*Asks:* 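One structure, as structure tokens, below. Some questions next.
Every chain is numbered from 1, with letters handed out A, B, ... down the list of sequences. Fair warning: this is a prediction, and the values are worked out from it, not measured in the lab.
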Amino acid sequence: MFTMSSDKVPLSQRAAAAARPAPVDAASYMEGLNDAQRDAVMTTEGPVLMLAGAGTGKTRALTTRLAHILATRLAAPWQVLAVTFTNKAAREMKERIGHLVGDTVEGMQWLGTFHSIAAKILRIHAEIVDLKSSFTIIDTDDQVRLCKQVIEAAGLDEKRWSGRGLASFIDDWKNRGLTPDNVPRGEAHHFGNGKGIELYKAYQERLVTLNAADFGDLLLHNITIFQKHPDILAKYQDRFRYMLVDEYQDTNIAQYLWLRLLAQKNKNICVVGDDDQSIYGWRGAEVANILNFEKDFPGAKVIRLERNYRSTPAILAAASGLIAANRTRLGKTLWTDDDSEHEKVKLRGVWDGEEEARTVTDDIENEQRKGRSLSDMAVLVRASFQMRSFEERFNTAGIAYQVVGGPRFYEREETRDALAYLRLTRNPEDDLSFLRIVNKPRRGMGDKAIQALTVNARKQGLSLARAAQLLLETDEIKGKARTGLTRFLDGLMRWGEAARDTRPDIIAETILEESGYTEFWKSSKSPQAPSKLENLKELVNAAGEFDTLAGYLDHVSLVADINQDNSEGQVMLMTLHAAKGLEFPVVFLPGWEEEIFPSARSLDENGNEGLEEERRLAYVGITRARESCRISFAANRMVYGRWQNAMPSRFIDELPEAHVEVVSEPGLYGNAASELAAYSSFNDMAETNDTYDTPGWRRAKSARGRTSPAPMLEGRAELVATSSPGSSSFRVGSRVFHQKFGYGQVVAAEGNKLEVDFEHSGHKKVIDSFLEQA
DNA sequence: CGCCATGAGGTTTTT
DNA sequence: CCTCATGGCG
């Protein structure tokens, strides 16, 4: 097919193409696409906003689009810019385009993550922002460390102003595309006694002397370069004839500015995303980017991918019903023509977290008995601390599980130490690495010696390694420190020498061995030592896949993880965030309680915007499910070692009841009467005139009053409010205070559930334990 | 230099 | 409650 036939094109396709030479507009890769997808592929010219709902074949559409551009020769592979957020996404995209166009995809050197592409551009023009093209990319840890140094140097109280705090301010500014000169003056007051901007400036200067850039810099420096040098910008504008951006709803302002600059000329920019799945606002993502796309790029064509190929109608209805409560959205309606028999979304209330873990585990075992593989099931939680109860239960039940996410390989202490050795070997000027390992293992270089060395180096404008070398020529250093430092520096020279003509894995192993680092862990009593040694071995192996040490190190700084083999036959346990983009036949969504989900902190810090993002997170969770979605909430939960009663999440009330089934605990409550009660409790909802803002325990509440106790409450206790037999300590008429709602007056009391008129928040139903006498 | 006591804080995560 | 970081002391 076409001119770029290759071994990668399946034979069947090549045969087909040979049999009936297809005209370009009826190309075989278009087969099986629906109208919207086809539209998204064919509309190559001008700005395009591809609004792709969950499970609507987004990846297929966008990879086909790129394949189409290449196949029809609208652009050469190197004239296409395609950006993603993660390496994984970039890899998958490349692979899938490869299936369509074969080796041509290898020419797509501008397909990658925002960061890797920005880094590539920055290496070419580094001198404009006072860097050398060999600059190092520092990670979050080093960033914090540097910030700490800057705070210290500024003579600020280090207890009051943490490195972490400064780093997050700087990150935030960089995410918004702000250099020190552009930060609004008012924002300086937020940090370091009004020294915020000064500190930011000092931090940037330190980076320049270190010849380093942090992640935020990669984009920001690009923007600076483009703005200062229209000629350079023009070059890239001409080069990138077609641009494609995946997960556009996750872009921050800096990324937006970068894209806008590049797209200015050809305007052939296609952004793909789903505003309903924007869940990274807290790290700088701007939903506004996708909401305003049509304004930012006049004449943009909006293409909606709404036909869902993943989930059952009930799951789609539940997700759609929930997300409809959000006000700021572009609006989409997912539909499916799958009308086969399917189950409703299952909702279960339980007594406490332990019971929740137990029932989920039971469900999993049931499914397994029915022949379902463990890897077809996933438990998705809001926050990682919720994982523990499931892990414990899985362990006792002997169910294999895999936690997805968690601490990353390249972030672990031993990995970072080892990399510091390798980096320092390649570049002896790398002071951050020097500091990290100069005394690890111990070489007699204590805090005092290092302090002196640092001062010395800075005075002479030398790197630490160089300064150390000079220091050894004097008599100022003696004893253990002298021998330790001498051996260390000798080692560096030797390794640097050897690195030139030795395989990276061999050199890595040699360095770790000769430096005494391996021995450091071997003789460590730490219980983690064996696994750390394992990790070091893994790192050495990973290095072996590269031709040079430098090549490996470049790769490492932009890749957060080495490929972990996802072994089959394990239940997946992860956060909702980590689950974005994945799908499973059976999905469990536990912990749907106020405070937990939506997270109290999101609401506190970001108000309604925070709430909407939480709701999108819930939407992401539900839409991960193909066949079965099981939501649960507990009436009591142990939080920080204290028992707290919990209210069912308001999101539960927002699920359309027609598509939800309340399930009682199998065996315990599984009788017809309670099933009935469950249904009628739903019907009762129509009678209550509770409004949307009532945190949702209506369901439980309405069930409580019935002759037959609600199924999920039966036996152990009433759900939500264990109505203390006596009455509440608050009387009607008394003035009370609530953490979130403020001051108010009790207007009605039933057991420990009260109705209160709050002065600022209006009429609410609350549980007395949330109140204080005012 | 390493170990224990004490205290604070305790979503979500990629590059 | 539990974990991590820091600080003081041996």
*Asks:* For the residue pair A/Y280 and A/H577, is the inter-centroid distance of their aromatic rings smaller than 6.0 Å?
*Replies:*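 Yes, close enough.
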
*Asks:* Base, sugar-phosphate, or nothing for A/K440, non-hydrogen atoms under 4.0 angstrom?
*Replies:*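 Nothing: the residue A/K440, judged by heavy atoms under 4.0 Å, touches no strand.
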
*Asks:* In whole angstrom, give the distance that lies between atom OH of A/Y640 and atom P of B/dG7.
*Replies:* 20 Å

*Asks:* Which nucleotide sits closest to the side chain of A/R601: B/dG10, B/dT15, B/dT13?
*Replies:*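 The listed nucleotide nearest to A/R601's side chain is B/dG10.
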
*Asks:* When you get a sec, tell me which of B/dT15, B/dT12, B/dT13 is the closest nucleotide to the side chain of A/A578?
*Replies:*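 Shortest atom-to-atom distance from the side chain points to B/dT13.
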
*Asks:* Once you round it to whole Å, what is the distance between P of B/dT15 and CG of A/D141?
*Replies:*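 To the nearest whole Å, that distance equals 16 Å.
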
*Asks:* Would you say A/T84 and A/D246 are linked by a side-chain donor-acceptor pair, where the criterion is simply a distance under 3.5 Å?
*Replies:*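 On atom types as modelled, these side chains do not qualify, holding no pair under 3.5 Å.
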
*Asks:* OP1 or OP2 of C/dT6 versus the side-chain N and O atoms of A/K148: is any pair under 4.0 Å?
*Replies:*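 So the side-chain polar atoms of A/K148 do come within 4.0 Å of the phosphate oxygens OP1 or OP2 of C/dT6, strictly under.
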
*Asks:* Once you apply a heavy-atom cut-off of 4.0 Å, does A/N252 come out as touching a base, just sugar-phosphate, or nothing?
*Replies:*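 If one applies the 4.0 Å heavy-atom cut-off, A/N252 turns out to touch nothing in the nucleic acid.
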
*Asks:* Closer than 4.0 Å, any side-chain N/O of A/S384 to the OP1 or OP2 of B/dT12?
*Replies:* yes

*Asks:* With a 6.0 Å cut-off on ring centres, are A/Y256 and A/W258 close enough?
*Replies:* no

*Asks:* Taking NE2 from A/H221 and C1' from B/dT15, how many angstroms apart are they, rounded to a whole number?
*Replies:*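 The distance from NE2 of A/H221 to C1' of B/dT15 comes to 15 Å, rounded to the nearest Å.
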
*Asks:* Have a look at A/E614 and say if it touches a base, only the backbone sugar-phosphate, or nothing, with a 4.0 Å heavy-atom cut-off.
*Replies:* base

*Asks:* Separation of A/E609 atom CD from B/dT12 atom P, in whole Å?
*Replies:*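 Distance check: A/E609 CD to B/dT12 P gives 21 Å.
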
*Asks:* May I ask you to verify if any side-chain N or O of A/S599 is less than 4.0 angstrom from the OP1 or OP2 atom of B/dT12?
*Replies:*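 Checking B/dT12 against A/S599, no side-chain N or O comes under 4.0 Å of OP1 or OP2.
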
*Asks:* Base, sugar-phosphate, or nothing: which does A/F85 touch, judged by heavy atoms less than 4.0 Å apart?
*Replies:* sugar-phosphate

*Asks:* Just wondering, more than 12 heavy atoms not from A/Q149 lying within 6.0 Å of its CD?
*Replies:* yes

*Asks:* Are the ring of A/F114 and the six-membered base ring of B/dT15 within the stacking cut-offs of under 5.5 Å and under 30°?
*Replies:* no

*Asks:* Ignoring backbone atoms, test whether A/R442 places a side-chain nitrogen or oxygen under 4.0 Å from the OP1 or OP2 oxygen of B/dG2.
*Replies:* yes

*Asks:* Contact class for A/D214 (heavy atom, under 4.0 Å): base, sugar-phosphate, or nothing?
*Replies:* nothing

*Asks:* A/M387 CE to B/dT13 C1': how many Å, rounded?
*Replies:* 12 Å

*Asks:* Could you give the CD-to-C1' distance, from A/E613 to B/dT13, as a whole number of Å?
*Replies:* 12 Å

*Asks:* When the ring centroid of A/Y236 is compared with that of A/F226, is the distance short of 6.0 Å?
*Replies:*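 For A/Y236 and A/F226, the ring centres are under 6.0 Å apart.
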
*Asks:* Using the P atoms only, state how far B/dT12 lies from C/dA5, rounded to an integer number of Å.
*Replies:*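 These two P atoms come out 15 Å apart once rounded.
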
*Asks:* Between A/L218 and A/F385, name the one whose nearest nucleotide on DNA chain B is closer to the 5' end.
*Replies:* A/F385

*Asks:* Report the nucleotide, chosen from B/dT13, B/dG10, B/dT15, that has the shortest atom-to-atom distance to any side-chain atom of A/T86.
*Replies:*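 Among the listed nucleotides, the one closest to the side chain of A/T86 is B/dT15.
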
*Asks:* Could you give the CZ-to-C1' distance, from A/R283 to B/dT12, as a whole number of Å?
*Replies:*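 To the nearest whole Å, that distance equals 9 Å.
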
*Asks:* Tell me: CG of A/D171 to C1' of B/dT15, nearest whole Å?
*Replies:*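 Computing the A/D171:CG to B/dT15:C1' distance gives 10 Å.
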
*Asks:* Any heavy-atom pair between the side chains of A/F434 and A/L453 that's under 4.5 Å?
*Replies:*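 With C-beta onward as the side chain, the pair touches.
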
*Asks:* Between A/N439 and A/N606, name the one whose nearest nucleotide on DNA chain B is closer to the 5' end.
*Replies:* A/N439

